[in-house]
Student: 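The structure is given below, and queries will be raised subsequently.
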Amino acid sequence: GGEPDAVVSSAGPPRPAFDGAWDVRLLAPAAVGIAADVALSPDASRVAVAGQDGVVRLVEAGGEVSALAGHAARVLRVSFAPDGGLLASASADGTVRLWHLADARLLKTCEGHRGWVQAVAFVGTGDQALSTGADGRLLRWDLQSAEVIAEMNHGGWAYGLACSPD
């Protein structure tokens, strides 16, 4: 009986979230809340947790937790840039937000979906991103300008995105 030491959950099909170097007990429910998604940084030094409360939490390997607040609704997906210096978050508030992790600062807010943004992924070296939303559109973003540079209608709901590094 009793409360679990940690709860790590993600909507959609199961996927590996941690390597053997992580002790998932660091993600205590009281520290990170209810998670819609989790992502492991490329160097495995931190975990980003997409919070149902609209806050992204970063959990360092030593257990320190910091908060990235700015979304007006639940965060549905999080994605690290290939170099680990940036994080993108997709939210039910209709935005993709880009965070600079060295100082936990909001860099850009990308607005273009009509409704929930359900997934986000960096493209290539991390200067562009893709997002998909409940509006049935796949948007490609230039992250310097936060402008949509390409759009495709996929006609339905998509819950995940993955991009090849090249």
Side-chain angles (χ1 to χ4, degrees), residues 7-17 27 29 32-42 46-59 65-166:
V7 177
V8 178
S9 175
S10 179
R15 61 183 182 208
L27 297 178
V32 297
I34 298 172
D37 189 34
V38 295
L40 181 65
S41 66
R46 59 177 61 152
V47 173
V49 180
Q52 293 286 340
D53 61 358
V55 176
V56 175
R57 288 176 178 78
L58 293 175
V59 183
V65 178
S66 58
L68 304 175
H71 283 291
R74 72 182 73 177
V75 181
L76 301 171
R77 294 287 183 265
V78 286
S79 178
F80 283 96
D83 69 0
L86 301 175
L87 183 82
S89 55
S91 173
D93 68 7
T95 67
V96 171
R97 295 186 188 249
L98 184 66
W99 306 91
H100 185 259
L101 297 180
D103 56 6
R105 180 172 45 99
L106 176 64
L107 286 179
K108 302 281 182 183
T109 300
C110 303
E111 298 177 285
H113 283 285
R114 296 180 291 272
W116 291 18
V117 183
Q118 296 162 274
V120 63
F122 284 91
V123 177
T125 60
D127 57 341
Q128 295 181 4
L130 294 175
S131 64
T132 185
D135 57 5
R137 297 183 306 148
L138 175 73
L139 302 180
R140 187 172 187 139
W141 300 93
D142 172 76
L143 296 177
Q144 290 296 318
S145 66
E147 297 292 327
V148 175
I149 56 175
E151 178 179 336
M152 181 183 87
N153 187 346
H154 57 76
W157 287 50
Y159 293 99
L161 286 170
C163 297
S164 169
D166 58 357

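In this text the structure is predicted, and so the values were computed from the model without any measurement.
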Student: Listed by chain and number, what are the side chain to side chain donor-acceptor pair (under 3.5 Å) partners of R114, not counting sequence neighbours?
Tutor: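 Expected list: none.
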
Student: Can you give me the closest heavy-atom contact between L76 and D37, atom names plus distance?
Tutor: O-CB, 3.4 Å

Student: If you look at every heavy atom in V56 and S89, which pair is closest and at what distance?
Tutor: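 In this case the closest contact between V56 and S89 is CG2-CB, 3.8 Å.
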
Student: Run the side chain to side chain donor-acceptor pair (under 3.5 Å) test against T132 and tell me which residues pass, sequence neighbours left out.
Tutor: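 With neighbours one apart ignored, the set is H154.
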
Student: Just how far is it from atom CZ of F122 to atom CD of Q128, taken to the nearest 0.5 Å?
Tutor: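 Spacing of CZ (F122) from CD (Q128) equals 11.5 Å.
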
Student: If you round to the nearest 0.5 Å, how far is NE2 of H71 from OG1 of T109?
Tutor: 7.5 Å

Student: Please report the shortest heavy-atom distance between F80 and V47, naming the atom on each side.
Tutor: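 Closest approach of F80 to V47, heavy atoms only: CZ-C, 4.4 Å.
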
Student: Going by side chain to side chain donor-acceptor pair (under 3.5 Å), name the residues that satisfy it together with S66, two or more places apart in sequence or in a different chain.
Tutor: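 Checked S66 against side chain to side chain donor-acceptor pair (under 3.5 Å); zero matches.
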
Student: Restricting to side chain to side chain contact (heavy atoms under 4.5 Å, CB included), what partner residues turn up for A67, sequence neighbours left out?
Tutor: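 Partners of A67 under the side chain to side chain contact (heavy atoms under 4.5 Å, CB included) test: V55.
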
Student: Hey, what do you get for CG (L106) to CG (L98), rounding to the nearest 0.5 Å?
Tutor: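 Nearest 0.5 Å value for the CG-CG distance: 8.0 Å.
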
Student: Begin with the C-alpha distance, continue with both residues' side-chain angles, and end with the deciding distance and a verdict on side-chain contact (heavy atoms from CB on, under 4.5 Å) for L68 and L101.
Tutor: CA-CA 9 Å; L68 304 175; L101 297 180; 4.0 Å; yes

Student: Just how far is it from atom CH2 of W141 to atom CD of E151, taken to the nearest 0.5 Å?
Tutor: 9.5 Å

Student: Closer than 3.5 angstrom, by distance alone: can the side chain of S41 be matched with the main-chain N or O of R46 as a donor-acceptor pair?
Tutor: yes

Student: Heavy atoms only: give me the nearest G112-D135 pair and the separation to one decimal.
Tutor: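 Smallest heavy-atom distance, with atoms named: O-OD2, 4.4 Å.
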
Student: Report the distance from atom CG of L130 to atom CE of M152, rounding to the nearest 0.5 Å.
Tutor: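 Separation between the atoms: 9.0 Å.
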
Student: Go through the structure and list residues passing side chain to side chain donor-acceptor pair (under 3.5 Å) with N153, not counting sequence neighbours.
Tutor: none

Student: Short question: side chain of S131, backbone of A119 - any donor-acceptor pair under 3.5 Å?
Tutor: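 Looks like no, no N/O pair under 3.5 Å.
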
Student: Of all residues at least two apart in sequence or in a different chain, which pass the side chain to side chain contact (heavy atoms under 4.5 Å, CB included) check with Q144?
Tutor: D142

Student: Once you round to the nearest 0.5 Å, how far does CD of E111 lie from CG of D93?
Tutor: 8.5 Å

Student: Specify the closest pair of heavy atoms between R77 and Q118, including all atoms of both residues, with the distance to one decimal.
Tutor: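 Minimum heavy-atom separation between R77 and Q118: CG-O, 2.8 Å.
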
Student: Which heavy atom in L143 sits nearest to a heavy atom in C110, and how many Å separate them?
Tutor: CD2-SG, 4.2 Å

Student: Quick one: does any side-chain atom of S79 pair with a main-chain N or O of A88 as donor and acceptor, under 3.5 Å?
Tutor: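 No: the side chain of S79 does not pair with the backbone of A88.
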
Student: Checking L86 against H100 for the side-chain contact (heavy atoms from CB on, under 4.5 Å) test, could you report, in this order, the C-alpha distance in whole Å, the side-chain angles of both residues, the deciding distance, and whether it holds?
Tutor: CA-CA 5 Å; L86 301 175; H100 185 259; 4.1 Å; yes

